[in-house]
Amino acid sequence: MKYKLAFIGYGVVAQGLTEILIEKEEILKEKYDLEFAVVAISDIKKGSVYDENGLDMKNILELVRQGKQIDKYPSGIKGMDSVQTIKETNADVIVEVTFTDVKTGEPALTHIKTALENKKHVISTNKGPVVKKAGELLQLAEKNGVSYGFEGVVLAGTPAINLAQYTLAGNTISGFKGILNGTTNYILTQMENGMSYDEALEKAQELGYAEADPTGDVEGLDALGKVVILCNVILGKKITWDQVERKGITNISIDDIKKAKQEGKRWKLIGKAEIKQDGSLFAQVLPERLPLTDPLAGVMDATNALTYHTDELGSITIVGPGAGKRETGFSLLIDLININANLTSKK
Ligand code: HSE
């Protein structure tokens, strides 16, 4: 099938997906019968462009690389805002990759609702709307006969959500434990290697792992958002932001790290949740001193890991990148391929 895509937001992740789509265009067609055209882009800072017949994405990437506005593109309709782009273009898949505000979910929440109400599929790496309204948005998608894919909100393109929802289907998942934030894992690793906290944080920002405001990373808020998402979406337990105990890594000193090492242990920021015998939920984000024998203790730098506790298989751990341009861009391709697989199987 052929899809008409519109990007809402055109930052690093959108550019990562664009590069992958350009490079894999032939493979996608041959292997999955998946064709596409990007018909619109709307970015609050870079401007917007719409051409119902499709844009030349190599040209768009070149404009962005040169630091030029997207509306310098030589043809097409310019000046449409995000909601107009969602409602008034012929796009049938909306790629929502605007700045994430995990506390309010906006403006992404409005974008996603508008798209679903207009019977357009949504693929998104935006954590805010999933933290706030995952259930409601999934219901809205179902009601309108379209999909809402968000593989990238936890562990970027490392398929944490698909693993639980599809590959492990048939298991009862009673809980999880993971390293869900790359920035803090990178900082703890570098501090063990002798770097100061400030230097390590600066390096994590340079490498593009950290959020625009890294407080969200180091204080455990980003990991908390992911715990809330996994509880709601995978464990099926409704919890909100303020129901989870949280502590970040800002109080961990080089001495603490050295002391743990002498004792055969390593500090990790762990997000976890477990459904208890009585059906209630325990969830928290806290730094823990793990014994080096724990599989999560060996996960270093910006790498993430997540262990699911299942009834049939015991513990299943997935390890992989949790941030990065192509690594996160790729998660959107997983969502697009899933939409295509669902629609093709219904034909
Ligand atoms: N700032 C996040 C991290 C990016 O460091 O893991 C991915 O959510």
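Just so you know, ligand 1 is whichever comes first in the structure, and atom 1 is the first atom listed for that ligand. For the single chain, residues carry numbers from 1 onward in sequence order.
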### Message
Measuring only between side-chain heavy atoms, which start at C-beta, is Leu306 closer than 4.5 Å to Leu230?
### Response
yes
### Carboxylate-amine/guanidinium contact Asp255 Lys259, below 4.0 Å
no
### Task
Quick one, list the residues around ligand 1 where some non-hydrogen atom comes in under 4.0 Å, by chain and residue number.
Lys127, Asn181, Gly182, Thr183, Tyr209, Ala210, Glu211, Asp217, Asp222, Lys226, Gly322, Ala323
### Task
Indicate whether any N or O donor in one side chain lies under 3.5 Å from an N or O acceptor in the other, for Asp198 and Ser196.
no
### Message
Regarding Glu62 and Arg65, does a basic nitrogen lie under 4.0 Å from an acidic carboxylate oxygen?
### Response
yes
### Query
Side chains of Asn340 and Tyr3: is there a donor and an acceptor less than 3.5 Å apart?
yes
### Among Thr189, Leu188, Ile187, side-chain contact (heavy atoms from CB on, under 4.5 Å) partner for Asp301
Thr189
